[in-house]
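Structure first, then comments.
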Amino acid sequence: MSAQPTVRVIGKVCDAYTTRQANLKAGNLGRKGSPRRQRATSTPISFRLDAAQPFDDRCLSWQMDARTVSIWTVSGRMKNLDFTTSPEQLKLLTEYRQGESDLLCQDGQWFLASTCEVPERVENPDPAGWVGVDLGIVEIATTSTGDRFAGRHLNRQRRQQSELRAKLQAKNTKSAKRVLKRLRRREARRARDVNHRISKRIVERAERTDHGIVLEDLRGIRGRVRQAKQQRSMLHAWGFAQLRDFIAYKARRVGVPVLVVDPAYTSQTCSECDHTSRRNRPTRNRFVCRSCGVVLHADVNAARNLAHRGGVAWAAGRRSTAPAPTR
Ligand SMILES: [Zn+2]
């Protein structure tokens with residue numbers, strides 16, 4: 001190998017051992033003398049053939065206009081390899097790419113994952129109002145301004161997939177396991193894509209109207225929803241945390257403040273007069289206030305309550321409370 005890839009390989013091996021050492025120290029691999037720890041330390045670390053491999057600018061060059069890359073391989077340099085990405089990502093890549101990219105192979109497809117350091121705009125210190133975002137199963141997200149993002153067809157796909165999965169799991173063969181893995185990844189990609197689209201729409205709208213965004217604290221969501229067992233498993237599977245993270249980081253980029261508030265009773269409280277009663281909710285979708293008589297879609301009512309709470313919290317503290325994005 002030439003010098004640069006050699007440096008990379010050494011770096012990768014060192015990183016792996018450093019990580020293992022950190023895991024041992026943190027107790028992630030069991031107590032001293034435990035079989036698991038023994039297993040982890042008695043064998044050298046091995047690397048899968050298709051494991052992610054880091055490339056820097058000396059082993060990988062990008063031709064943005066032609067949408068090709070030239071990449072070093074053990075059998076020489078491969079030139080003019082086409083790559084594809086969305087127009088927005090191409091723009092990010094061109095303007096903000098930082099040094100290294102990881103090359104990975106998943107289900108027979110090759111991916112290049114690049115780090116982009118995108119500058120954040122200064123947070124809007126004085127938003128004109130707040131957009132509350134209610135999260136749920138039937139509608140993935142509903143905003144206080146009435147935007148609804150349905151999950152119906154996704155939920156149907158999930159159900160079909162889970163039936164198929166059950167069949168494959170029963171088979172328990174090597175090839176069945178491989179197919180299962182591929183299905184899981186495909187589903188995760190699909191959910192991720194949906195979360196990207198929803199978060200993008202919500203943030204764009206908040207930015208355009210000079211509003212901040214209010215999200216519910218997710219710690220409560222699983223306990224709060226009382227539904228059939230099947231729906232509960234969907235709630236676990238659906239990436240609400242991911243959606244919240246996406247909204248938070250897209251908002252930071254454009255200076256939209258994001259607040260996280262306690263969602264307790266948002267579904268039973270009237271967003272017009274504050275009257276709180278379980279009887280305000282005759283059906284899943286309808287909210288009818290027993291006190292002032294207002295009729296609203298139940299999710300919109302909940303989202304409006306979140307927006308109110310956000311306004312109060314901002315007036316008290318005036319700063320974003322969304323957790324910092326994870327790298
Ligand atoms: Zn009311």
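Just so you know, residue 1 is the first one in the sequence shown, and it goes up from there. Start at 1 and go down the list; that is how both ligands and their atoms are numbered.
Take a cut-off of 2.8 Å around the Zn ion (ligand 1): the protein N, O or S atoms inside it are Cys270 SG, Cys273 SG, Cys289 SG, Cys292 SG.
His297 has its ring centre no less than 6.0 Å from the ring centre of Phe287. A distance of 6.0 Å or more separates the ring centres of Phe83 and Trp110.
To the nearest 0.5 Å, atoms CG (Asn301) and OG1 (Thr269) are separated by 8.0 Å. Between the CG atom in Leu259 and the CG atom in Leu306 there is a gap of 11.0 Å [rounded to 0.5 Å].
Under the rule for a side-chain hydrogen bond (donor to acceptor under 3.5 Å, both in side chains), the partners of Asp107 that lie at least two apart in sequence or sit in another chain are Arg185.
Asp134 places no side-chain N or O within 3.5 Å of a backbone atom of Ala303 that could act as its donor or acceptor partner.
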